[in-house]
Structure formats: structure tokens, C-alpha cells
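Here is the structure we will look at.
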Amino acid sequence: MERMNIMLFHSTFGLRPAVKDAADRLRAAGHEVWTPDLFEGRTFDTVEEGMEHQDGIGKDELLKRAVLAAAPYSERGLVYAGFSLGASVAQTLALGDEKARGLLLLHGTSDIAETASVDELPVQLHVASPDAFETDDWLNTWYLQMGRTGADVEIYRYPGAGHLYTDPELPDYDEEAAKATWQVALGFLDSL
């Protein structure tokens, strides 16, 4: 197994303990992990509060913060990863980084620029089913568009789980789905 360099982005709840625990889990598996704080220390208890803060920062500023966080390490060939909002950020960065080694999306995706092009970038998505933020129609479109970019995409769906089902401190938590997600995700990282 080769050690991966992973840039792990938090959700709209901010850099909560679940993100730090996920980073520790990845480190225990032998990887190097960075967890940039795009909200500069702010965390939130509800998705509404987090989204209000996120909207106040603005998409361009969030992406700027993410790029600045990743830039010192991008020469190493990063695996971009993230939770929900963080998955959206990770996807955008990975599709723009020709040295990206992989993309691990937990609970989220993003729009894809028509000009995006990658060379068989390994992508793995883990998502609840159903998920109000990642509807079936959206995911079908997303999958086709990712395929057109040249990405090699796998999708894992977890029936009955809530949107952020890997965070034990949130009502969405689903222990069985979270355990399965981490088992598959660690295997994905080992395959890169």
C-alpha cells in the first residue's frame, strides 16, 4: 500500500470532531491528511446556520481558501476528499489539478465545468439513498458528466441513511452505513 496525501474538506457544519476523527482514521491507515478550516474556526449546530455562513463567505472565497490550503501540497499528487460541501470543493479542485491521484466524495457532489477533463481519475462517491441534497436525477446526470470528463467513477448508495450519516454527533448518523463507507473508502485509497 502506498501512502496517499489527502486533502480532506469539512461540511457546512464546519471543522467538527467527526472530520478530525475521519482524518485520524485515514492517518491510522498510513496516509498523510490535511483538514483545512474553510470557516476559520466557526462550527454550526444546524445545516441552516452553516449554509447562511457559507453563503456569507461566498463560493469564490471558499474555493480561494481551498486552493490556498491545497497549493503547498499539490505537487505531491493529492487525493481530494470531503464531506457534503467539502465534497463539492474537493471535486472542483480535483478536476482542476492534473496531478490529482483520486477523489473521495462523502455525501456530496458539485456542478462540473464543461471544459473539465481528467485522465481516468479514480472517483468514489458515498451517498445516502434517498438524499434531498443529492437526488436520483441529479446523480444520474452527475455520473454521466463525470464520465465525459474521463473520470473512473464508482457510486455507493446507502438506503435509509441520512445525508451526513458518517457524523456520530448529527441526527443523520447511521452506524452501519458509516462503517461500510469507511471500509470501502479505505480499500479505494489502498488501490490508488
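Positions are given from 1 along the sequence. Basis for what follows: all heavy atoms, side chains included, without hydrogens, waters or symmetry-related copies. All values reported here derive from a predicted model rather than from experimental measurement.
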For [X], enumerate each residue passing the side chain to side chain contact (heavy atoms under 4.5 Å, CB included) test, keeping only those at least two apart in sequence or located in another chain.
X: Thr135; result: Asp137, Trp138
X: Lys64; result: Glu61, Leu68
X: Glu175; result: Tyr173
X: Arg148; result: Leu144, Gln145

Atom [atom1] in [X], atom [atom2] in [Y]: separation rounded to 0.5 Å?
X: Lys179; Y: Thr166; atom1: NZ; atom2: OG1; value: 15.5 Å
X: Leu85; Y: Leu38; atom1: CG; atom2: CG; value: 7.0 Å
X: Thr92; Y: Lys59; atom1: OG1; atom2: NZ; value: 6.0 Å
X: Leu121; Y: Met146; atom1: CG; atom2: CE; value: 6.5 Å
X: Gln91; Y: Leu105; atom1: CD; atom2: CG; value: 6.0 Å
X: Leu63; Y: Ser110; atom1: CG; atom2: OG; value: 8.0 Å

For the residue pair [X] and [Y], what are the closest heavy atoms and their distance?
X: Leu164; Y: Asp172; result: N-OD2, 3.0 Å
X: Ser88; Y: Thr109; result: CB-O, 3.6 Å
X: Ala161; Y: Ala128; result: O-CB, 3.2 Å
X: Ala100; Y: Ala94; result: CB-O, 3.8 Å
X: Val89; Y: Ala66; result: CG1-CB, 3.4 Å
X: Ala185; Y: Gln124; result: CA-OE1, 3.4 Å

Output every pair passing side-chain hydrogen bond (donor to acceptor under 3.5 Å, both in side chains) with a member in residues 9-25, not counting sequence neighbours, ordered by first then second residue.
Thr12-Gln54, Arg16-Asp167, Arg16-Glu169, Asp24-Arg27
Could you note down all residue pairs passing salt bridge (charged side-chain N to carboxylate O under 4.0 Å, His left out) where [range] supplies at least one of them, sequence neighbours left out?
range: residues 180-192; value: none
range: residues 84-104; value: Glu2-Arg101, Glu75-Lys99
range: residues 108-134; value: none
range: residues 36-53; value: Glu40-Arg65

Is there side-chain contact between [X] and [Y], with heavy atoms separated by less than 4.5 Å?
X: Ile155; Y: Val153; answer: yes
X: Ile112; Y: Thr149; answer: yes
X: Leu189; Y: Ile6; answer: yes
X: Leu170; Y: Phe13; answer: yes

Do the side chains of [X] and [Y] join up, straight or via other hydrophobic residues, at under 4.5 Å, putting them in one cluster?
X: Leu95; Y: Trp142; answer: yes
X: Leu78; Y: Leu125; answer: yes
X: Tyr156; Y: Trp182; answer: no
X: Phe188; Y: Leu186; answer: yes
X: Val127; Y: Val184; answer: no

Can Leu15 and Phe39 be said to form a side chain to side chain contact (heavy atoms under 4.5 Å, CB included), step by step?
CA-CA 8 Å; Leu15 188 55; Phe39 287 177; over 6 Å; no
Applying the side-chain contact (heavy atoms from CB on, under 4.5 Å) test to Leu8, which of Phe83, Tyr80, Trp34 qualifies?
Phe83
Please list, chain by chain and in numerical order, all residues satisfying ring pair (Phe, Tyr, Trp, His ring centres under 6.0 Å) with His163, sequence neighbours excluded.
Phe133
Partner residues of Tyr158 under the ring pair (Phe, Tyr, Trp, His ring centres under 6.0 Å) criterion, sequence neighbours left out:
His126, Tyr165
Sorted by chain and number, sequence neighbours left out, side-chain hydrogen bond (donor to acceptor under 3.5 Å, both in side chains) with Asp136 holds for Arg157
